There are 2 protein chains.
Amino acid sequence: MLVYGADGFKMARISTREQILQEADQLFYEGGFEGTSFADIAAAVGISRGNFYYHFKTKDEILDGVISRRMEATRAMLDAWAAENDSPAERIVSFIRILIDNRTKIMDFGCPVGTLSSELAKLDHAAQERAADIFGLFRDWLAGQFRALGQEERADELALHLLGRSQGVAVMATAFRDESFVRSEVDALEARVQALCLAPSNHQPEEN
Amino acid sequence: MLVYGADGFKMARISTREQILQEADQLFYEGGFEGTSFADIAAAVGISRGNFYYHFKTKDEILDGVISRRMEATRAMLDAWAAENDSPAERIVSFIRILIDNRTKIMDFGCPVGTLSSELAKLDHAAQERAADIFGLFRDWLAGQFRALGQEERADELALHLLGRSQGVAVMATAFRDESFVRSEVDALEARVQALCLAPSNHQPEEN
DNA sequence: GTCTATAGCCGGATAGAC
DNA sequence: GTCTATCCGGCTATAGAC
């Protein structure tokens, strides 16, 4: 399928399959997996439902593709954060800042990873584990940064804690549709990372 | 509808309406609102689908009833915690402990309040605000306890923080199906409350 | 690769007998 | 209050023409 630029001139060749995954990714985020129908995706892409099945046999196949796509995107984002920042503390702060950068969407739809994982858990869906693997990427990457900060022993614990904190922020921001809580928690988390920097060898006090 | 006890003798009269709400409450928690059909609820109650509509005209009406039911249950639980414990610190610890007491269900289905609120947000459902009001009950009650602990200024902030932490724990526990993280976070939160007790007048250090 | 047409099922919702 | 029977629409999925 050909996709034309805004000037109607420059054009890029994006495979229909890729376009389906792109739209499905967004729709699954904004409307949930169950809440999104084939018709919704087909309409967003601009193809017929019939054509759809040429590319994906079942809805689960699309979900699988969407999760793979998110895994790839996550890896790329983590690599970029590592490349853009020299210190592990700055890298961790890059992670924390996604809460600020994406606050509007988070208030409307929550965290893409957390909400998908929770929905699939309730559906008792086989792909729930794969969805949680996206959390695994963040967890391992964050643990690596904490190790580089000198937190050898507690690296994984700190990574899980930070992931959990960010999930809590996302859920509360969605529930109350309030961004002031996002900001105060982000400030507290950033202060925490700074404190770990200054005294890396033992347990750290934390303000919130 | 008559409900017989295990001995087949003693019996209690529970209205069908109440029984529907009871089953719907559990099914919405375990399978999600969208994931639960009228047929599911009717089967759980043991009535026909047709009979159903005598009690509730629409699915949204059931949701409304379930939320009201949860509000009532929450108020009763908060009152009980207040009655059972003399100190505000012990009351707050009662709240924290629900993560331990319900850990098995939380690992399977997450937090009933958080997951419902997130699902309704994605569905852009009118009842999302009412679902968040359940959080509001916890928020206000916790803030009251923090005020009693001498945290006049930061009472609401601390309440929101604690609510968010518990939501983060629930999401991570569901994603990784791991309860060790639940325990370590609960320990950290309890220690935090103790610290607030000992030095109530200023910002508190926190271990996690 | 893309379309139209359609099968077959299941969802919410209604009518009316008992 | 409870039932059976039924409508209608949307859903996933398939068949086959172009």
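Protein chains get the first letters and strands the later ones, always in sequence-line order, with residue 1 at the start of each. Keep in mind that what you see is a predicted model, and the values were worked out from it rather than measured. Atom set for the values below is all heavy atoms of this structure, side chains included, hydrogens, waters and symmetry mates excluded.
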Check your understanding: If you check the S48(A) side chain, which of dG1(C), dC3(D), dC3(C) turns out closest?
Key -> dC3(C)
Review point. Looking only at atom types and distance, does a side-chain atom of E179(A) sit under 3.5 Å from a main-chain N or O of M107(A), one as donor and one as acceptor?
Key: no
Exercise for review: Would you please confirm or rule out a distance under 4.0 Å between OP1 or OP2 of dG1(C) and any side-chain N or O of T16(A)?
Suggested key: no
Check your understanding: Distance from I67(B) atom CD1 to T74(B) atom OG1, nearest 0.5 Å?
Key -> 11.0 Å
Point to revise | Gap between atoms CD1 and C1', on I47(B) and dG1(D) respectively (whole Å) | key: 10 Å
Check your understanding: Does the side chain of E61(A) come within less than 4.5 Å of H55(A)'s, by heavy atoms?
Key -> no
Practice item. Specify the separation, in whole Å, of atom CG of L63(B) and atom C1' of dG12(C). Key: 15 Å
Review point. Does Y54(A) have a side-chain nitrogen or oxygen under 4.0 Å from the phosphate oxygens OP1 or OP2 of dG1(C)?
Key: yes
Practice item. Please check the phosphate of dC3(D) (OP1 and OP2 only) for any side-chain N or O of N51(B) closer than 4.0 Å. Key: yes
Practice item. Return each pair, listed once, that meets ring pair (Phe, Tyr, Trp, His ring centres under 6.0 Å) where at least one residue sits in residues 89-124 of chain B; pairs must be two or more places apart or across chains. Key: Y29(B)-F109(B), F95(B)-F138(B)
**Study point:** Spacing of N51(A) atom CG and I47(A) atom CD1 [to the nearest 0.5 Å]
**Key:** 4.5 Å
Check your understanding: Nearest-Å distance, CZ (F56(A)) to P (dT2(C))?
Key -> 12 Å
Exercise for review: Measure the spacing between CH2 of W81(B) and CZ of R91(B) and express it to the nearest 0.5 Å.
Suggested key: 12.5 Å
Practice item. Starting from P on dA15(C), measure out to CZ on F52(B) and report it in whole angstrom. Key: 18 Å
Would you tabulate the nitrogen or oxygen pairs shorter than 3.5 Å linking the protein to nucleotides 9-12 of chain D?
{"from": "dT12(D)", "atom 1": "OP1", "to": "K59(A)", "atom 2": "NZ", "distance (Å)": "3.3"}
{"from": "dT12(D)", "atom 1": "OP2", "to": "F38(A)", "atom 2": "N", "distance (Å)": "2.8"}

